Amino acid sequence: MTLTTSRSVADESAGYDPAAVEEKWQARWEAQRTNRADLDGGPRPHFVLMMFPYPSAEGLHIGNLFAFTGNDIYGRFQRLRGHTVFEPIGFDAFGIHSENYALKVNVHPLELIPRNIENFRRQLRRAGLMLDWDHELSTTDPRYYKWTQWIFLQLLDRGLAYKQRAAVNWCPFDKTVLANEQVINGACERCGTAVEQRFLEQWFFRITDYAPRLLENLDWIDWSDSTKTAQRNWIGKSEGAEIIFRVNEDRGSRTEEGAIRVFTTRADTIFGATYLVLAPEHPLVRPLTTEARRAEVDAYVERTARQDLTTRKSVQARQKTGVFTGSFAKNPATGEAIPIWIADYVLMEYGTGAIMAVPGHDERDFEFATTYGLPILRVVAEDISRAEVPLEAAYADDEGGVLVHSAQFDGLTVPEAKRRIIAWLEAAGSAKPVVHYRLHDWCISRQRYWGPPIPIIYCDECGMQAVPEKDLPVILPNVRDFRPDDTGISPLARHEEWYRVPCPECGKMGRRETDVSDTFLDSAWYFLRYPSTEFDDRPFDPERTRKWLPVASYIGGNEHAVLHLLYSRFITMVLHDLGHIDFEEPFKRFRAHGMIVREGAKMSKSRGNVVVPDEYIREWGADAFRTYLMFLGPFEEGGDFRDQGISGVKRFLDRLWVTVLERREDGEPDANVMRKLHQTIRKVGDDIPRLSYNTAIAAMMAYVNVLRAGERRAHRAEVEPLVQLVSPFAPHIAEELWERSGRTGSVFDAGWPAFDASLAAEELITVAVQVNGKTRGTIQVTPNISQDGALAAAMADPGIAKFVTGPPKRVIYVPGRLLNIVV
RNA sequence: GCGAAAGUGGCGGAACUGGUAGACGCGCAGGACUUAGGAUCCUGUGGGGCAACCCGUCCGGGUUCGAGUCCCGGCUUUCGCACCA
């Protein structure tokens, strides 16, 4: 990268000096409070939200800035359209990320985070975002996390928070538990270490209670499809039946222990269920194991327990293994006794932890049956005539086939058979229709230091007590020794002076809960806090909330599709149900932005190809940098950052600058130019709401090219609206040019230029002429010309007429676009 | 394996509900102005052909007057989910 010769503001014949212009306007915005929204009095409120950043030591990265700029352009546009736009900013500063970094550099997070935030503030100001700094928040501020703790208590009160000893994901590197959503392919999403299974007392939120609603609302909220699909998959609804298999009937067992409940989505295949499989952790494994099989079964159970989740769940190691328990169950459809096995491919955490195995129609069961020589029956066939064709692989199609070898159900289609067989079994008391979700309850406790303490006190007399609301916040103490250890107990537990506290009920000495809550709880409600940051006696003011929420436009990365975005929806629903807010979906519109790569490759510190925004802004200016980021490609798809490309955008801004400054005030504007102007106004105004920023910029570039063609100087009426069009993208230069056009006040209070369709209409339009579908030329005609008129005009063109070798068999005329002559 | 999206010049990318493929920009080539240019301005730029023209949107079929766009089959890439019963 080379430095362009810096020009003074005085020498402006070829361009402008972004540093001077941008500094001037950033200072003026600050002094005149241009970017502050009047939250109480402002008309037509419009809340534009961007995912608040984690204030890392490295500073703002390109992905942040890409998202923020895209959001800012949308917000500025809405403001120009007459809305009061609230564009707040905050910092997601709690969490393992910060804590691990603090440990690494050996600086306390209480010192580190304010420093990082200060750097972020500087960078965000320099980027020219229309941020309302009056409502800045940080999740680490006791004034904020007081209410994070309050939300916990709301859930606790409603029975939606509970503590349970459970198998949890434990990261041995970060030394903490992880939510299921934070485990990727059996590894910690943060450090990549293989996650272990541990049994610990943990706090959970009953998000599964909300699974149906979280799923159903996806049908009507205006979100990116990719995000909705990701949430649907994560919630993972599957409809099926629970079927009861009686066991050891020969021994006369009729107790509950004598029954195995299995979950299946393929009740239609029950005539092909030739064995059962229990998860090794299943409580019935022990009672069902016969003496003869005990040693082998115990060994297998123990082996599985030792195995870490990565290996167990990994696709590579999916060699099916299992052991026969020695017991049999009765297939309720056939009445036959079928063997009961245990195998680690059945997971205790899903369904009932037990399955009926149908090797003929399930790949996993087929593989298992093949390995252990269990019978494989065909009960579904492509059609009746193939009923006796042996299966070489599982036939798992659950739509196309028909039933065979299934007694009175033979010949039914699979969907029909599902209904009929479930009903038949239900009548006999051995089945019921059931819906299962993959979604698990949200484990929110973390055995770490850097988070909001969970507001609970344990008393030997009174048991578990919620910290009374008047005692909130429970302040996170400033302790020097916050390194987590391998015990699974929070570092706060080592600080007796903090955790010793009187019981709020009886006053005797109790002890505090020493776990802190998950960072994702902090970020699951921050948008509710923004409009109400000045109130300390309530989490969100009812008036303000009614006026500003739900969020009108939310923009963020799709990496949060199942974490932050799902949790936010859940917390919002809970607060709605508790009567605190009158809406149940937090974000009216959400759009996922794309990713920025560099020279076709992913950016990463290890590759050393990270774009540092500061450097580019210093050299090219924030306006050029913003506009370039938006010009790279479709906002929702991201783009490829190439260093050379930014010069084109800077050139565009320079040409804009010169054109506006050289404008003439006398005479009349050119009708042709005005036509292009209004076409551009329409195009940009259409493109911005759809986030098609790259094409909006292209249209403005094309218009500047029109203005600069030939020797003429542009008229004021031709350039002034262009300054308004550019302003959401390049706010500083727009303000400067607005002022230099003799206007007073901010361009952002000047409104959006009016579009006049009559001015945009062309007098003559170009119609493509095809002969037999091949384009042979164009004709210039009036827009309302008839088909015959267009045909006559085409035939008058010798270059076209020569292809018309006979009388036209057919003529197709698409008005204003195309004429096709078929001969 | 399942699900979603996408394959267009040397490159990033345009093309609304099927209607002039390649807008806009980068790069490149030539020219102007210059002591100079990695500044600025002008011109050209999908491939082939002297030309008339021909060929071109991952590959192969199809529907249509007309297909980058729709349908069928295949290939490739990216991103989710992944022994979920």
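If you're wondering where the values come from, they're calculated on a predicted model, not measured in any experiment.
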For atom [atom1] of [X] and atom [atom2] of [N], their distance in whole Å:
X: F66(A); N: G12(B); atom1: CZ; atom2: C1'; value: 13 Å
X: R364(A); N: C83(B); atom1: CZ; atom2: P; value: 9 Å
X: D687(A); N: C24(B); atom1: CG; atom2: C1'; value: 12 Å
X: H361(A); N: G1(B); atom1: NE2; atom2: P; value: 22 Å
X: L653(A); N: C24(B); atom1: CG; atom2: P; value: 17 Å
X: I596(A); N: U78(B); atom1: CD1; atom2: P; value: 19 Å
X: R810(A); N: G66(B); atom1: CZ; atom2: C1'; value: 10 Å
X: Q231(A); N: C79(B); atom1: CD; atom2: P; value: 21 Å

Assess whether a salt bridge exists between K320(A) and D365(A), defined as any Lys/Arg side-chain N lying under 4.0 Å from an Asp/Glu carboxylate O.
no

Short N-O contact, R591(A) and D222(A), less than 4.0 angstrom:
yes

Which residues share a salt bridge (charged side-chain N to carboxylate O under 4.0 Å, His left out) with [X], sequence neighbours left out:
X: D686(A); answer: none
X: R776(A); answer: none
X: K683(A); answer: D687(A)

Do [X] and [Y] have side-chain atoms, one donor and one acceptor, less than 3.5 Å apart?
X: D643(A); Y: Y616(A); answer: yes
X: N558(A); Y: S226(A); answer: yes
X: T766(A); Y: Q780(A); answer: yes

Going by heavy atoms in the side chains, are V346(A) and H282(A) under 4.5 Å from each other?
no

Could you list by number each residue of residues 688-697 of chain A showing a heavy-atom separation from RNA chain B of less than 4.0 Å, or answer none if no residue does?
N694(A), T695(A)

Does any residue of residues 625-636 of chain A have a heavy atom under 4.0 Å from RNA chain B, and if so, which ones, in number order?
F631(A), L632(A), P634(A)

Mind checking what makes side-chain contact (heavy atoms from CB on, under 4.5 Å) contact with H436(A), not counting sequence neighbours?
S238(A), E242(A), F263(A), Y350(A), V434(A)

Sequence-distant partners of Q231(A), side-chain contact (heavy atoms from CB on, under 4.5 Å), two or more places apart:
L218(A), W223(A), L565(A), L566(A), R569(A)

Nearest-Å distance once atom [atom1] is located in both [N] and [M]:
N: A6(B); M: C71(B); atom1: P; value: 12 Å
N: G48(B); M: A39(B); atom1: C1'; value: 38 Å
N: C33(B); M: U43(B); atom1: C1'; value: 15 Å
N: C65(B); M: G18(B); atom1: C1'; value: 12 Å
N: G80(B); M: A67(B); atom1: P; value: 37 Å
N: A51(B); M: G37(B); atom1: P; value: 33 Å

Does [X] reach a base, just sugar-phosphate, or nothing at all? Heavy atoms under 4.0 Å.
X: Y703(A); result: nothing
X: N558(A); result: nothing
X: K802(A); result: sugar-phosphate

From C-beta outward on [X], which listed nucleotide comes closest to its side chain: [options]?
X: M701(A); options: C84(B), C53(B), C24(B); result: C24(B)
X: R651(A); options: A52(B), C83(B), C41(B); result: C41(B)
X: K774(A); options: A82(B), C54(B), G25(B); result: C54(B)
X: R776(A); options: C54(B), C83(B), C26(B); result: C54(B)
X: V822(A); options: A85(B), C65(B), C84(B); result: C65(B)

With hydrogens left out and only the distance checked, is there a donor-acceptor pair under 3.5 Å joining K809(A)'s side chain and the base of C65(B)?
no

Suppose we screen for side chain to side chain donor-acceptor pair (under 3.5 Å). Which residues come up paired with E762(A), at least two apart in sequence or across chains?
Q679(A)

Measuring centre to centre across the rings, with the benzene-like ring taken for any Trp, is Y275(A) within less than 6.0 Å of F368(A)?
yes

For [N] and [X] - does any side-chain N or O of the residue sit under 4.0 Å from the phosphate oxygens OP1/OP2?
X: R642(A); N: G25(B); value: no
X: K602(A); N: C79(B); value: yes
X: R655(A); N: C41(B); value: yes

Base of G7(B) relative to its sugar, syn (within 90° of 0) or anti?
anti

Test Y628(A) against every option in W620(A), F641(A), F729(A), Y693(A) by the ring-ring contact (aromatic ring centres under 6.0 Å, His included) rule and name the one that passes.
F641(A)

Under 3.5 Å: donor-acceptor pair, side chain of [X], backbone of [Y]:
X: H361(A); Y: V379(A); value: yes
X: D623(A); Y: I733(A); value: yes
X: D268(A); Y: I421(A); value: no
X: R598(A); Y: M603(A); value: no

Using the closest heavy atom to pick a nucleotide of RNA chain B for each, name whichever of S238(A) or G648(A) lands nearer the 5' end.
G648(A)

What does [N] pair with, Watson-Crick or G-U, if both distances are under 3.5 Å?
N: U45(B); answer: G27(B)
N: A39(B); answer: none
N: C84(B); answer: none
N: A4(B); answer: U78(B)

Salt bridge (charged side-chain N to carboxylate O under 4.0 Å, His left out) pairs touching residues 803-823 of chain A, sequence neighbours excluded, are none

Report all interatomic pairs (protein N or O, nucleotide N or O of nucleotides 19-21 of chain B) with separations under 3.5 Å.
residue	atom	partner	partner atom	Å
G19(B)	N2	Q770(A)	OE1	3.4

Just the table, please: protein N/O against nucleotides 45-47 of chain B N/O, every pair under 3.5 Å.
none

Where do P339(A) and T274(A) come nearest, in terms of heavy atoms and distance?
CD-O, 3.4 Å

Hey, what are the protein-to-nucleotides 3-7 of chain B N/O distances that come in under 3.5 Å?
none

